[in-house]
Peer 1: 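Quick one: structure below, then a few questions.
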Amino acid sequence: MGRHNFRYFFHEGVSNMFSHGFMSFAAIGITVACLLIMGTFTLVAVNANQQLKDMEKDNEILAYVDESYTAEQARGLQRELERQDNVASVTFISREQAAESFKQKYADEPVFQDLDPQIFRDRYAIKTADIQRTGDTVRAVESVKGIVKVNAYEEISDGLITVRNIATVVCVALIVILLVVSVFIISNTIKLTTFDRREEIAIMRMVGATNGFIRWPFVYEGFLMGFTGAVIAFLLQWMLYEAVARGVETNDTLQLISVMSFGELWVPVAVVFLIVGVVVGVGGSLSAIRRFLQV
């Protein structure tokens, strides 16, 4: 493709896009909506998945030993706990160690500094291999003779898994629906352009213009609409994500939730938005002009 042809196709594509202002605006708007909704649910799923990975690294089940057990008997439970399914590691914590940890945690509270270690129980810190199976692991640990109580943040992990799964399902469903709508609107916008220029196109075909030469201006029109939609959607996604991240960080009730920095995500988000926007735009234009050229 020569430089002159490129300029001609580009100029015609821009001209076509502005010749139907409302339809072009609608096509770009629905593309922005599609990408923004898709991006939002995808980023929710990505953050939930990252939160689960972080919890898997730090997640511990605390299993408390019967107070009547001696230190030797308490230590003897380790092998039995290690044999349980989904247990990655087991660490014994004596009464003395638990008391010392408690004192360090509340170093600013003098009343806690003279506590008798005997008021604490021997315990085990158990790390799981798969956080999604925490519930089964808790029940298995509870069944071990000598373990009288088990603490785990099962509700938090279950909640994050549910959020991630729902976000993924909703994201996939909305992507399919909104992409179809985007292609349909862009395709109909291109159809209006081809209809307005039907006489000019008919003359071009009579004088020997190839289908490719006729098609390229419409391809550029679809490309520009998709590209414009992708850029606008990316900027809006960036602002929305930063606003939500600041809200989570300043909310005392959401301190357990950590939000990834957009700096870690902007490259894949930009690439995906650009690819989807261009594919939708070019796909819609090719769909419209192909039917016209077959006439």
Side-chain angles (χ1 to χ4, degrees), residues 44-167 245 248-261 264:
V44 168
V46 167
N47 273 276
N49 196 54
Q50 184 61 44
Q51 188 81 15
L52 285 171
K53 289 181 179 179
D54 292 340
M55 287 186 68
E56 283 179 346
K57 296 176 184 176
D58 304 324
N59 186 45
E60 282 187 345
I61 295 173
L62 288 179
Y64 296 90
V65 181
D66 192 323
E67 291 180 343
S68 65
Y69 275 43
T70 65
E72 289 73 24
Q73 289 176 313
R75 289 181 181 275
L77 297 175
Q78 182 154 349
R79 287 189 178 180
E80 180 65 22
L81 292 170
E82 289 174 340
R83 283 198 291 266
Q84 302 305 313
D85 190 31
N86 195 43
V87 170
S89 67
V90 177
T91 304
F92 179 73
I93 302 173
S94 66
R95 287 184 170 96
E96 292 73 21
Q97 289 172 320
E100 187 61 31
S101 177
F102 186 86
K103 291 175 184 178
Q104 291 177 1
K105 184 176 180 180
Y106 296 99
D108 296 333
E109 300 291 341
V111 69
F112 294 141
Q113 301 309 304
D114 297 322
L115 293 176
D116 186 349
Q118 294 305 309
I119 69 173
F120 293 88
R121 284 177 174 169
D122 293 325
R123 66 200 65 184
Y124 283 93
I126 303 170
K127 288 187 179 294
T128 57
D130 183 359
I131 196 174
Q132 298 187 58
R133 297 169 58 198
T134 298
D136 294 335
T137 308
V138 167
R139 287 184 284 275
V141 170
E142 286 175 335
S143 68
V144 175
K145 185 178 180 181
I147 299 298
V148 295
K149 182 181 178 182
V150 178
N151 280 349
Y153 294 104
E154 185 179 355
E155 295 81 5
I156 296 175
S157 61
D158 287 348
L160 286 169
I161 291 168
T162 301
V163 169
R164 181 191 62 184
N165 293 342
I166 291 176
V248 170
E249 289 175 0
T250 56
N251 192 314
D252 293 337
T253 61
L254 299 175
Q255 291 303 304
L256 288 174
I257 300 176
S258 60
V259 180
M260 298 176 67
S261 167
E264 302 176 63

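Model, not experiment: these values are computed from the prediction. The chain is numbered in sequence order, starting from 1.
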Peer 1: I'd like to check Leu81 versus Gln78 (side-chain heavy atoms, cut-off strictly below 4.5 Å). Are they in contact?
Peer 2: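 In short, these two side chains do not touch, never coming nearer than 4.5 Å.
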
Peer 1: Are Arg83 and Glu80 ion-paired here, with the side-chain N under 4.0 Å from a carboxylate O?
Peer 2: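 Salt bridge between Arg83 and Glu80, a charged N being under 4.0 Å from a carboxylate O: yes.
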
Peer 1: Do you know which two heavy atoms are closest between Asn151 and Lys149, and how far apart they sit?
Peer 2: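 Scanning both residues, the minimum pair turns out to be OD1-CE, 3.5 Å.
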
Peer 1: Taking the side chain from Arg123 and the backbone from Ile93, do they hold a donor-acceptor pair closer than 3.5 Å?
Peer 2: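 Between the backbone of Ile93 and the side chain of Arg123 there is no qualifying donor-acceptor contact (under 3.5 Å).
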
Peer 1: Where is the tightest heavy-atom contact between Met260 and Val46, given as atom of each residue plus distance?
Peer 2: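 So the minimum-distance heavy-atom pair works out to SD-CG1, 4.0 Å.
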
Peer 1: Determine the minimum heavy-atom distance between Ile61 and Val138, stating which atoms define it.
Peer 2: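 For Ile61 versus Val138, the nearest heavy atoms are CD1-CG2, 3.9 Å.
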
Peer 1: Below 4.5 Å, heavy atoms only, C-beta onward: do Phe92 and Val90 meet side chain to side chain?
Peer 2: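 No, side chains not in contact.
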
Peer 1: What pair of heavy atoms forms the shortest contact from Arg121 to Arg95, and how long is it?
Peer 2: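 Looking at all heavy atoms of both residues, the closest pair is C-CG, 3.9 Å.
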
Peer 1: Would you call Asp122 and Tyr69 a side-chain contact if the rule is heavy atoms closer than 4.5 Å?
Peer 2: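 Result no, sub-4.5 Å side-chain heavy-atom pair not found.
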
Peer 1: Could you tell me which non-hydrogen atom of Leu77 sits nearest to which non-hydrogen atom of Lys145, and how far apart they are?
Peer 2: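 Heavy atoms only, the tightest pair is CD2-O, 3.3 Å.
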
Peer 1: Hey, is the main chain of Val65 close enough, under 3.5 Å, to the side chain of Tyr124 for a donor-acceptor pair?
Peer 2: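 Absent.
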
Peer 1: Taking C-beta and beyond as the side chain, do Asp136 and Asp85 meet within less than 4.5 Å on heavy atoms?
Peer 2: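 Result no, sub-4.5 Å side-chain heavy-atom pair not found.
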
Peer 1: Taking the side chain as C-beta and beyond, is there a heavy-atom pair between Gln84 and Ile126 under 4.5 Å?
Peer 2: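 They are not in side-chain contact.
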
Peer 1: Taking all non-hydrogen atoms of both residues into account, name the closest pair between Ala129 and Ala88 and its distance.
Peer 2: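 Closest heavy-atom pair between Ala129 and Ala88: N-CB, 3.9 Å.
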
